[in-house]
Chemist: 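The structure follows.
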Amino acid sequence: MTAPLEVSNVKKTYTSPKLGAVDAVKGVSFEIRPGEIYGLLGPNGAGKTTLISMITTLENPSEGDIKVFGESTQTNSAFTKKQIGVVPQEIVTQGFFNLVEILQFHSGYYGVWNNKERIDYLLKRLGLWEHKHKLVKQLSGGMKRRLMIAKALVHKPKLLLLDEPTAGVDLELRTSLWEFVRDLQKEGISILLTTHYLQEAEALCERVGIISKGSLVFNGETQGIIRKLTRRTVEMDLKSIPNWTLPEGVQLLGQRENRVTFSTPSEMSVGALLAGLSIPSDLLLDLKTREGSLEEAFLNVVQKGASL
Amino acid sequence: MIGFLSLFHREIARFLKVLVQTIVTPAVSSALYLLVFGVSLGSTVQSQNGVDYLAFLIPGLMMMGLLNNAFQNSSSSIVNSKYTGELEDLRVVPLSHHQIIIAMGLAAMVRGLVVALVTFVVGSVFYAIVHGGFIGLHSVFELIYFIVTGGLVFGMLGLSAAFYAKSFDQLSAVSAFILLPLTYLGGVFISIQNLSPFWQKVSTLNPLLYFINGLRHAILGVSDIPIGQSMLISALGLVMFYVLSLFALKRGNFHRW
């Protein structure tokens, strides 16, 4: 099955009289599998939006190639543009038209003349039905975001690019938007998502790419990076503290009376820890574990430069 | 084709949303020119090209309105889109550069045509009041030819200028320092036969002269320029500005300001 998106060794260099040549994206390669949600993560200015701009042809790559469902965005953009729906990071304000008109014109650009059914569905699904005759400037920030999503979906794209779709959106709306994203995935749409909410990326994305200073420093399973770059925290309440020797890779984080906290490698099971510490089960009153998070893994890569 | 029609429809809908600004104001302006120069001062001004001054003025003002409004329509649409971010949409959707140029050019022509028609109607009413008759029409073909080429050329000029402009000021400068002087010196108000031979030669370098005289010939059958020459230069302008627009879209920046 053809990959919805293949990014192959893509580079983008900007030249300015003041700064000279600046490499915004340095040879990035990754692909999105059919029907998956792929998270592209990175700090501000890492190159995420530049990459999305190149996928949509808003920018041309300096080197490399981008294929959407097997066709190059450089040589067959008429095809690739039809497959893509994009929710840009910045809101498009469109002063002259109401929501229905905006969605009608946008449908038309994609070759769909009479799209009332789809437009009505999206307006209702995204909670914009009551506001359909308003101008964009009359909408709240959250509504504007939802309008951007409706625009991106109006032509039933097979690949959806979401560039920080929930930036500045309240918790309730964020939750409903992510629920909607999951529904889109169930419909078979492949999704590229950039977000600063790493908890949500962890919950939504099967695989993630971490981009830092224009380079893709990780590309793989979300759980894989968490296992590799984070540690598990194990807290035990014991009847009494036995003598123990810490097994290899285990650290004692703290001890208060009979409550002890250990940090272990993610792949070490609790059973192996107990056996390694020689703690008999009758000494154990309670046990809690906390797994590492994508956020911790992300910070380890981006801030501490952890190797992968 | 649907994409092209949608953009054309959007551009028409855009100027209809602000009708007072896009149609009524230019029409009132033309009406005032006709009232002051044509009706009030017209009797004191000698006939131009052998026709009554009010009649002479009507096609000139029609073309002036058409060219200015065609330029304004496409340029303001692009510049507004740069502010709102809509221009990025235009790049991301599957519309070809040809579709964008022709749709925006045609919509610009339609706005110019509406202003020109209103000017013609108002001018005809004044003419009927002053002279008790109606202005005739010399050639329908020429009328359509010069309206279409003039509207498209200035629509495409507006599109190109707006793509290259880095601010509203730069676009205003094109309008104020290039278009406006060329319009006023392009034979709207006087025949270039009133000028000295040197300035007559200089005037022939003004591209607007050919559009204005072309329309005047279409309506009144008189012109400072042979009609074939006006038609040829208008057609060359069409090709030249189409290429310029294509270049602007290929090289221009679609990012928001």
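Naming: A, B, ... by sequence-line order, numbering from 1 per chain.
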Chemist: Any idea how B:His9 and A:Trp113 line up, ring-wise: parallel (<30°), tilted (30 to 60°), or perpendicular (>60°)?
Modeler: tilted
Chemist: Would you check, one step at a time, whether the test side chain to side chain contact (heavy atoms under 4.5 Å, CB included) holds for B:Asp89 with A:Val92?
Modeler: CA-CA 9 Å; B:Asp89 276 355; A:Val92 176; 4.1 Å; yes
Chemist: Could you tell me which non-hydrogen atom of B:Ser6 sits nearest to which non-hydrogen atom of A:Gly108, and how far apart they are?
Modeler: OG-CA, 2.9 Å
Chemist: I want to check something: taking the side chain as every heavy atom from C-beta on, are A:Lys82 and B:Val93 in contact at a cut-off of under 4.5 Å?
Modeler: no
Chemist: May I ask you to say whether A:Glu101 pairs ionically with B:Arg14, meaning some side-chain N is under 4.0 Å from a carboxylate O?
Modeler: no
Chemist: Rounded at 0.5 Å granularity, tell me how far CD1 in B:Ile100 sits from OH in A:Tyr109.
Modeler: 9.5 Å
Chemist: Measure distances from A:Ser77 to the heavy atoms of chain B and classify the residue's part below 4.5 Å as side chain, backbone, both or neither.
Modeler: neither
Chemist: Contact part of A:Val136 toward chain B, heavy-atom cut-off under 4.5 Å: side chain, backbone, both or neither?
Modeler: neither
Chemist: How far apart are the closest heavy atoms of A:Ala78 and B:Pro94, and which atoms are they?
Modeler: O-CB, 3.9 Å
Chemist: Test your reading of the model: is there a side-chain donor-acceptor pair from A:Lys81 to the backbone of B:Leu95, 3.5 Å cut-off?
Modeler: no
Chemist: Please check if the number of heavy atoms outside A:Lys158 that lie under 6.0 Å from its NZ is greater than 12.
Modeler: no
Chemist: When only pairs under 4.5 Å are counted, which of B:Leu90, B:Leu7, B:Val18, B:Asn80 shares the most heavy-atom pairs with chain A?
Modeler: B:Leu7
Chemist: Side chains of A:Tyr110 and B:Ile2: closer than 4.5 Å at any heavy-atom pair?
Modeler: no
Chemist: Distance check, rounded to the nearest 0.5 Å: B:Glu88 atom CD versus A:Glu90 atom CD?
Modeler: 7.0 Å
Chemist: So which part of A:His106 gets closer than 4.5 Å to some heavy atom of chain B, the side chain, the backbone, both or neither?
Modeler: side chain
Chemist: How long is the gap from CZ on B:Phe254 to OG1 on A:Thr56, to the nearest 0.5 Å?
Modeler: 11.5 Å
Chemist: What part of A:Ile84 is in contact with chain B, defined as an atom under 4.5 angstrom from a non-hydrogen atom: side chain, backbone, both or neither?
Modeler: neither
Chemist: Please classify the contact of A:Asn60 with chain B as side chain, backbone, both or neither, using a heavy-atom distance under 4.5 Å.
Modeler: side chain
Chemist: Does NZ belonging to B:Lys17 count more than 12 external heavy atoms closer than 6.0 Å?
Modeler: yes
Chemist: Just wondering, do B:Arg10 and A:Phe96 contact through their side chains at under 4.5 Å, heavy atoms?
Modeler: no
